Structures are given as structure tokens and as C-alpha cells.
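Take a look at the structure below.
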2 protein chains.
Amino acid sequence: MRIMSLRYAVLGLLADRPRTGYDLARTFDGSLAHVWPASHSQIYPVLARLADGGLIRQSASGPRGKRIYEITRAGLEEIRAWLRTEPDHGSRNPAFLRVFFLWLMEPDEAIRFLEDEARVHEATLLEFEAGAAGSPSDREGAWAFRLALEWGIRYERGIIEWNAWARDQIASMAGGAGFEPASPLRD
Amino acid sequence: MRIMSLRYAVLGLLADRPRTGYDLARTFDGSLAHVWPASHSQIYPVLARLADGGLIRQSASGPRGKRIYEITRAGLEEIRAWLRTEPDHGSRNPAFLRVFFLWLMEPDEAIRFLEDEARVHEATLLEFEAGAAGSPSDREGAWAFRLALEWGIRYERGIIEWNAWARDQIASMAGGAGFEPASPLRD
DNA sequence: CGGGCCATGTAATTTGTTACATGATTCC
DNA sequence: GGAATCATGTAACAAATTACATGGCCCG
């Protein structure tokens, strides 16, 4: 059972409208960055393979060697079939991995870490809220994008609230009895 | 700038207590599965490399060729240094990637997808709540684990609420005027 | 004595990151 | 004319997944 999400993400974006590899790279670095980042060095090879398999097709050329791709009927069927498959729920979150190891820090260090994280999430929330406030697109896929954006907003708000709560927990533990920075074993 | 989170995740778990590769694999498949899944085929090679670099050490052997590893002072310094570095906020979420492409489905199909997702998240929430209700550990790292668990509970609750809201949005759009399943282009 | 789980590894393949490499247009 | 951005690719390397491979211990 293969994942190959990038392949389908590209297909999905091309289902919305024809794009160049460069356009795709900007989208993967923009609105899709939080769910599926991808760099141009990954994108160009998958465009080549998708075109090879007849799932997309180069529809036009532009100024600086620009190649505009569009999805084919076969490609559309392919992504629709993928959407009907069982999603993979595994995901990796390097920032949250650290939370498990926060006990290895001094309390004030852990609190500073959480404060830094809160700042990052507040910036992201602002970005998402600006997106939601912006003029609504008339594209067909706009409503799905709006659902995703709403999730992003709730997610960031949730983290910010949890973060404040977590800092409070650490502060009260550190103030209370029996809080000791970790220091196991001999060498 | 390298990530190599697995290396630090292993180090962090061994800072808590000595473990075997098998123990680690079970933890990566259990409590860490939601933030950093890893399989045994990844774990054994990193154990070998960490031991090679003097960051961990095999402290004992057991019955079935069991090898128990413990962290060294150098390893403890290494993970603490890592905790002070800037975290990477990129993450991949294959289930949420699909939300961006929900517009390619018929409304009832999209709603069924979301219902399935809701079921998965309700099960995970139950699992987390059971973990929180369980007897508190007296391990040093227990409080950090508790913070992570609390985040997990809030996260799952947030998704479940968003999911119901999203289904409602789709239902009201489909009921209302101008909702058309997507179907671009000629072949 | 058999099935399930404990236990450890390696190999092949795919996916993702970082670095390398090049060149055209546009705007100031 | 110089900087920023548009634009496309390849190569080397690291990380992750899947499959292959083996065997011991324990419980019923």
C-alpha cells in the first residue's frame, strides 16, 4: 500500500486549473505548506511522470521556457479514485515531539520554549484569519479550501490555548513542591 | 540543517529509562505514533549508530537475544542541546490534504468521507481520554507526557467539532442553489 | 506442541531534502 | 545594468516504508 500523496496533490491542483511547475511549487510553499510541503525538485519529476502516464498533459508554453500543464480525463478519474481510498492517519509533528521531552529541560527553559512556539502559532493564526477575511474566490474548489482554512484557524487557536495552559501547569509545578530538573545516571 | 528527529526521539526515550529496540518500536507505535511513528527497521540501525557514537550504551542482555540500551552522559547532553535548537514547524498530514480536494467529490460522498474521519477521531479521543484517566505514572517525564496527552485530547475534540461543522456546511451548500459536482475539461 | 508474541536484524525501493546548475524576463 | 523573481531541471544524499529473513520463549 503506497501513499504517494504528492502525485495526487499535484493532480488535485491541476484539476482546479492548469499550472506550471513553478506555480505548483508556490502553492506547496503557500497554502499547502501546512499539510503537504514540497519543493520544486520533487515537483518537476512527478510532472514528467504524470505526463508520461497520460494523467496530465502540457497544454501550452510561455515566455521563459514555461510549461503549462492541465489534467486529463484519466487524471481526473485517478484522483477521484484516490479520494475514495482509505486515508493514512499517520503524521509527523517535529514540534510536538519535543513536548514529550520537555521534562529534560529546566522549567523556565520549557516555558520559554512554549512562549516561542506560541508566537509562531499566533503569526500563523493571523495569516489564516487574513486568508479567511480576504475576498472569496469564485473557483469551484473554493469551498473546500474554506473548510481547510477554518480547520487551520481552529487548530491554531487550540494550540495557543493549550500552550498557555501548559505554561501555567509548568509554572505551578515549579512553584509547588517536588519539581526537580531531570538528571539521571552516571557516565 | 538536518532534522533527524528519530535519533533524538530515541535518545529522549532512553533518557526516561533503559529500553530494548523492541520496547522502542512499541512506544513509537503507541504513544508516539501520532507525532512520530517509526518502525523497527528504522530503529535498530539508529541504535547501532548512537551506540557507535557513544551517546547510548548496551547496559545488559536478556533472554531472546535481547539488548537493553541506556543513555550516556554524552547522549543526555546531546538531546538537551537539540531541545534548545529551533524546532521545525513543517508537518505532513495526508488526511487533511484530502480536504483541499473534497470539491472533486459529490457532496454526499464528501460527507461520508468526513463521517468516516469523525469515527476515527472519536476512537482516538477515547483512547486519549482513557490514557488521561489511567493511574498517573511516577516517572520523571510523566508531566510532559501529560501535557502532550492533554494536547491530543483538545486536538481530537477540535477536529470532531470542525468535522461536524464542515459536514453541515456541505449539506447546506448542496441543499442550496448552485452546488455542482466538479467536472472540468474535455479529453 | 503449536500459535502468538518477543526479539533483532538486512535489503530493496521510494520519498524527501539540499545542493548544484542554468537561463530568461521584468522592474527599477 | 543589476537585482529580484520567474522558470526548469539534475544529482547526491538522507530518511522512511515494505519486504525479506530468522529464531527464541512462553502460555495454553
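Given the structure is predicted, the values throughout are model-derived calculations rather than measurements. To find a chain, count down the sequence lines: A is the first, B the second, and so on, and within it residues start at 1.
Using a distance-only test at 3.5 Å, with no hydrogens or angles considered, a donor-acceptor pair links the side chain of B:Arg80 to the main chain of A:Leu104.
For the pair A:Arg7 and C:dT15, the criterion of a side-chain N or O lying under 4.0 Å from OP1 or OP2 is not met. A close approach under 4.0 Å does occur between a side-chain nitrogen or oxygen of B:Arg92 and OP1 or OP2 of C:dT17. The side chain of B:Tyr22 contributes no N or O atom lying less than 4.0 Å from OP1 or OP2 of C:dT8. The side chain of B:Gln42 contributes an N or O atom lying less than 4.0 Å from OP1 or OP2 of D:dT17.
Between B:Arg73 and B:Glu77, no side-chain nitrogen of the basic residue sits less than 4.0 Å from a carboxylate oxygen of the acidic one, so the salt-bridge criterion is not met. Of the charged side-chain nitrogens involved, at least one lies within less than 4.0 Å of a carboxylate oxygen, so that B:Glu150 and B:Arg146 count as a salt-bridged pair. The pair A:Arg98-A:Glu117 does not count as a salt bridge, with every side-chain nitrogen at least 4.0 angstrom from each carboxylate oxygen. Taking a cutoff of 4.0 Å between a charged side-chain nitrogen and a carboxylate oxygen, B:Asp29 and B:Arg26 do not qualify as a salt bridge. Salt bridge absent: B:Asp116 and B:Arg112 never bring a charged side-chain N and a carboxylate O closer than 4.0 Å. Look at A:Arg157 and A:Glu129 and you find a salt bridge, because one of the NZ, NE, NH1 or NH2 atoms lies within 4.0 Å of a carboxylate O, short of that distance.
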Report summary line: Per-nt protein contacts along nucleotides 23-28 of chain C (heavy atom under 4.0 Å; B base, S backbone sugar-phosphate only, - none) come out as -BBS--
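Counting to the nearest Å, the C1' atom of C:dT8 and the CZ atom of B:Phe28 are 16 Å from each other. Taking atom NZ of residue A:Lys66 and atom P of nucleotide D:dT5, one finds them 17 Å apart after rounding to whole Å. The nearest whole Å value for the distance from the NE2 atom in B:His40 to the C1' atom in D:dA16 is 13 Å. What separates OH of A:Tyr8 from P of C:dT15 is a distance of 10 Å, to the nearest Å. In this entry the distance linking CG of B:Leu24 with P of C:dA7 reads 12 Å, nearest Å. Distance CD1 (B:Ile43) to C1' (C:dT8): 12 Å, rounded to an integer number of Å. When rounded to the nearest whole Å, the span between OH of B:Tyr44 and P of D:dT17 equals 17 Å. Atom CZ of A:Arg19 is separated from atom P of D:dT8 by 13 Å (rounded to the nearest Å).
Within 4.0 Å of B:Thr20, counting heavy atoms only, lie sugar-phosphate atoms of the nucleic acid but no base atom.
Of the candidates D:dT17, D:dT10, C:dT15, C:dT15 carries the atom nearest the A:Arg49 side chain, counting heavy atoms from C-beta on. Nearest nucleotide to the side chain of B:Ser41, out of D:dA16, C:dA11, C:dG16: C:dA11. Checked against D:dC6, C:dT8, C:dG16, the side chain of A:Trp36 finds its nearest nucleotide in C:dG16.
When all heavy atoms are compared, the tightest approach of B:Phe113 to B:Ala95 is CZ-O, 4.2 Å.
Nucleotides of DNA chain C nearest to A:Ala38 and B:Tyr69 differ in position, and the one nearer the 5' end is that of B:Tyr69.
Checked by atom type, the side-chain pair A:Arg19/A:Thr27 shows a donor-acceptor distance below 3.5 Å.
In this structure the side chain of A:Val99 reaches within 4.5 angstrom of the side chain of A:Trp162, judged on heavy atoms.
Helix bend of the helix from C:dC1-D:dG28 to C:dC28-D:dG1: the angle between its two end axes, each built from five pairs, comes to 30° after rounding to 10°.
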